[in-house]
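Down below is the structure, laid out as structure tokens.
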Amino acid sequence: MFNIFSTSLFTRIFGDTITEILINAAVLSLLVYILYRYLFVPLRSIAQDIAEYFKKRELVCIEITPPHKNEIDPDHTKNLVHVVQRLYTK
């Protein structure tokens, strides 16, 4: 069809027609995104946590539970962010 698509490997993966190429490219793009989002991003986060552990920095874990009421004073949020920033910079 097109000279650029003349390789047999490309034709095996994507197909012969424009419709097959577009659909298979979209499916392949979706699979790559899912692998990136649900495999590589968490692995990178785990690797960063391990690197922090071996740097002898203390890891800080904060458990935040939501309030029973939705009425939150903005000052409380500012205070929380300030505390988290202080813990992170130590």
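Quick caveat: nothing in here was measured; it's all calculated off a predicted structure.
- Atoms CD1 and OG1, on I23 and T17 in that order, are 8.0 Å from each other to the nearest 0.5 Å.
- L31 and L35 are assigned to two separate hydrophobic clusters, defined by single-linkage of ILVMFWY side chains at heavy-atom distances under 4.5 Å.
- At a threshold of 4.5 Å between side-chain heavy atoms, the hydrophobic network of Ile, Leu, Val, Met, Phe, Trp and Tyr places F40 and V32 in two separate groups.
- One hydrophobic cluster, built from ILVMFWY side chains closer than 4.5 Å, cannot hold both V27 and L22; they sit in different ones.
- Linking Ile, Leu, Val, Met, Phe, Trp and Tyr whenever their side-chain heavy atoms come within less than 4.5 Å leaves L39 and I34 in two separate clusters.
- Rounding to the nearest 0.5 Å places CG of N79 at 8.0 Å from NE2 of H82.
- Residue I50 holds its CD1 atom at 11.0 Å from CD of Q48, rounded to the nearest 0.5 Å.
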